[in-house]
2 protein chains.
Amino acid sequence: MMKMTPELLAVIAERFKAFAEPARLQVLYELKSGERTVSDLVTATGLGQANLSKHLQQLHAAGVVARRKEGLFTYYTLADRDVLKMCDLMCGRLEKETTARRKALSAG
Amino acid sequence: MMKMTPELLAVIAERFKAFAEPARLQVLYELKSGERTVSDLVTATGLGQANLSKHLQQLHAAGVVARRKEGLFTYYTLADRDVLKMCDLMCGRLEKETTARRKALSAG
DNA sequence: TCACTATATTCCGATGCAGTAAATCAACCT
DNA sequence: AGGTTGATTTACTGCATCGGAATATAGTGA
């Protein structure tokens, strides 16, 4: 485990922040099935183009997505396998809680 | 994989948000070594007491930490093993990037 | 060069959140 | 009951950020 300097804490927090927005999670969810252009994502998510573009910049700056330009289009993809692992881990935590809560309700 | 409703996206984002703040990460880092009272955390982190208390409420609301009252004291702990897994996964991503960048620099 | 399309960027209003100080609450003690 | 201590809550301020509209940039083709 690395030493926890304030700078490192800030960087890690920054990374988590990339995941901490419904719009951005929606984008990641779309990218699960593969590469998408910005327009693809606009129609898939219903987000405004300018807004989406800004979210994509943030995701890219945080190393969450990769991009590739081809002519007029910019193709975005998930940066690596760990991105999905993060989401799955978080969803797993949620599921555990909800099933636990369900159990508690039926038991109580 | 569950269906991605706007509500679910909001909940997941909320969870990530709990990790997306240096002060809160610092708290989690402290709790790695075990149970701590609020005062313990105040001295360990250097955060103001009221401020810290609010961060602890957020972490608790997000299911990241558990608490236990004993007399005047409130003891906080990490809620489960997955909390650390989240952090380790994120740090792993960071390390990969920095080593990759180092390699690119020495190669280029 | 001029138009057209796909993205990115800038500007702005509204909302959210971190931090601090002061007030409040809760448990303990004499 | 009154006082003390640990913790939470409230009120407030300043700063960040989301979303939308308008504008700018860049690549394409006539």
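For the numbers below, each heavy atom of this structure counts, side chains included, while hydrogens, waters and symmetry mates do not. Chain naming here is simple, since letters A, B, ... match the order of the sequence lines and numbering starts at 1 in each.
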Quick test of your reading of the model: are [X] and [Y] salt-bridged, counting only N-O distances below 4.0 Å?
X	Y	value
B:Arg68	B:Glu70	yes
A:Lys85	A:Asp88	no
B:Asp82	A:Lys96	yes
B:Arg15	A:Glu97	yes

Are [X] and [N] close enough that a side-chain N or O sits under 4.0 Å from OP1 or OP2?
X	N	answer
A:Tyr76	C:dA8	yes
B:Gln58	C:dA18	yes
B:His55	C:dC17	no
A:Thr37	C:dT7	yes
A:Arg67	C:dT7	no

I need the [atom1]-[atom2] distance between [X] and [N], as an integer number of Å.
X	N	atom1	atom2	value
A:Phe73	C:dA8	CZ	C1'	15 Å
B:Leu52	C:dA18	CG	P	13 Å
A:Arg68	C:dA6	CZ	C1'	15 Å
A:Leu59	D:dC18	CG	P	10 Å
A:Tyr75	D:dG27	OH	P	15 Å
B:Lys17	C:dA18	NZ	C1'	13 Å

>> Applying side chain to side chain contact (heavy atoms under 4.5 Å, CB included) to A:Thr74 and A:Thr37, what does each step give before you reach the verdict?
In response: CA-CA 5 Å; A:Thr74 310; A:Thr37 69; over 6 Å; no
>> For B:Thr45, is there any backbone N or O sitting under 3.5 Å from a side-chain donor or acceptor partner on B:Gln26?
In response: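 Yes, the answer is positive, given that a donor and an acceptor are paired below the 3.5 Å cut-off.
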> For every nucleotide of nucleotides 20-30 of chain C, 5' to 3': is a protein heavy atom under 4.0 Å from its base (B), only from its sugar-phosphate (S), or from neither (-)?
Replying inline: BBB---BBS--
>> Quiz question: by atom type and distance under 3.5 Å, do the side chains of B:Tyr76 and B:Arg67 form a donor-acceptor pair?
In response: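 Side chains of B:Tyr76 and B:Arg67: pair found under 3.5 Å.
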>> By the 4.0 Å heavy-atom rule, please label A:Thr74 as base, sugar-phosphate, or nothing.
In response: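 The residue A:Thr74 makes sugar-phosphate contact but no base contact.
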